[in-house]
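The first residue of the sequence shown is numbered 1, and numbering continues consecutively from there. Values below: every heavy atom of this structure, side chains too, minus hydrogens, waters and symmetry copies. Only a predicted model underlies this, so the values are computations on that prediction, with no experimental measurement involved. Start at 1 and go down the list; that is how both ligands and their atoms are numbered.
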Amino acid sequence: MAVVEACDEWSALREVVVGTAFGAMFPDEDRRMIEATMPVEHWDEFRPGHPFPVWITEAAEQELQTLAELLESMGCRVHRPQRVPWEGLGGYCATMPRDSLLVMGDRVIEAPMAWRSRQHELLAYWPLIQKWRQAGARWLPADVDLGMDLLDAGPREPGPRWVIGEGRPAWDAADFLRLGPRTVVGQLSHVTNRSGVDHLRARLGPDIRVHLLQPDDPHAMHIDATLCPLREGLALYNPDRIAPEAMRGTPLDGWELVPAPRPEPNAGPPPRYMTSAWVSINLLVVDDRHVLVEAEDEKLQTLLTSLGFTPLPSPFRNVQALGGSFHCATLDIRRDRRTWTA
Ligand code: DAV
């Protein structure tokens, strides 16, 4: 079995990276990027040298440790990022390994991320990448001049929709989902441009189709709170952002598409500094029965049970405060191979 081998979001998980909240700081990012994507009530928190509150990062670290131990107890090998002093690097953290790396088959692909403040994140994963590479994984660095301007230069998609132009290829790995060895779906967003999609296609080669969906999400940054594949042929969707009709003629045509329950308003601290409440459907499927879900999201747990799953409720509100939930905070390295119909 290859050292890196994962090409869907649901086959039995054998090896995974679980992020760390160590030293997490608000990303020091161009204000236009923040205003396009982040909740308005928190815009002013995004300033240089500003750490997330320690009580949140400490509680988040504990939640991540609990997740790592749970996955290990289920027979899954867990890796953690190395500690990086984010102060002085513009932030941000190694809590969300899903954003900067895409694993597809035996490839580990570096995303040419749009946010300057996120261009050091690879440091946290570098020892792991070296190890996988030596063991035969295909490492595909971004190989893009990340200094090129995305905000002011370059042609644009028609209309004022996205904050970034086409000054260089840009994509975040979390704007894409893997539906099998030959199929990836994704979206354009405030961090993924057309040339970025072409860049990803070139990295994946001609045998893998990258199909762009068109959710209705004016603040789009990452597709994993819009759509959540649970197994082949079954996905949860966010009814505020996408309709099942929008999946016609896409690789999800013919799938059972189940609307996710609207998330409850946040009951209190910690605040969600960087996401909408829909981060609730940012789930991690462990195998054909088990799905990680936030401990307080009871309606979602009930729905998952009715779909034949055993939800694994875990506290994750503090990790969510830092910008993502179970899908964002993990990177699957190895899932079981299976027989494919698609
Ligand atoms: O849609 O509120 C959540 C996903 C972050 N990776 C959202 C962003």
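- Near G323, meaning under 4.0 Å from one of its heavy atoms, ligand 1 places the atoms 5 (C).
- Heavy-atom proximity to T275, at under 4.0 Å, picks out these atoms of ligand 1: 2 (O), 3 (C).
- Heavy atoms of T226 found under 4.0 angstrom from ligand 1: none, in either backbone or side chain.
- Remark: ligand 1 atoms within the under-4.0 Å shell around heavy atoms of A225 are 1 (O), 3 (C), 7 (C).
- Counting heavy atoms of neighbouring residues, nucleotides and ligands inside a 6.0 Å radius, atom CZ of R194 does not exceed 12 of them.
- Nearest protein heavy-atom contact of atom 4 (C) of ligand 1 is D224 OD1, 3.5 Å.
- Close approach of ligand 1 to C328 (heavy-atom distance below 4.0 Å) involves ligand atoms 5 (C), 6 (N).
- In this structure, G324 does not count as a contact residue of ligand 1, since none of its heavy atoms falls inside 4.0 Å of the ligand.
- R241 and S276 are linked by a side-chain donor-acceptor pair at a separation below 3.5 angstrom, with hydrogens and angles left out of the test.
- Counting non-hydrogen atoms of other residues, nucleotides and ligands closer than 6.0 Å to CZ of R289 gives a total of 12 or fewer.
- Residue-level proximity to ligand 1 for S276 is carried by backbone and side chain together, each with a heavy atom below 4.0 angstrom.
- The distance between the ring centers of W126 and W139 falls below 6.0 angstrom.
- Checked against L331 for a side chain to side chain contact (heavy atoms under 4.5 Å, CB included), the options P97, P81, S100 give a single hit: P97.
- Note: H50 and F26 have parallel aromatic rings, judged against thresholds of 30 and 60 degrees for the angle between ring planes.
- For R241, every heavy-atom contact with ligand 1 shorter than 4.0 Å involves the side chain, none the backbone.
- More than 12 non-hydrogen atoms from other residues, nucleotides or ligands lie less than 6.0 angstrom from CD of Q65.
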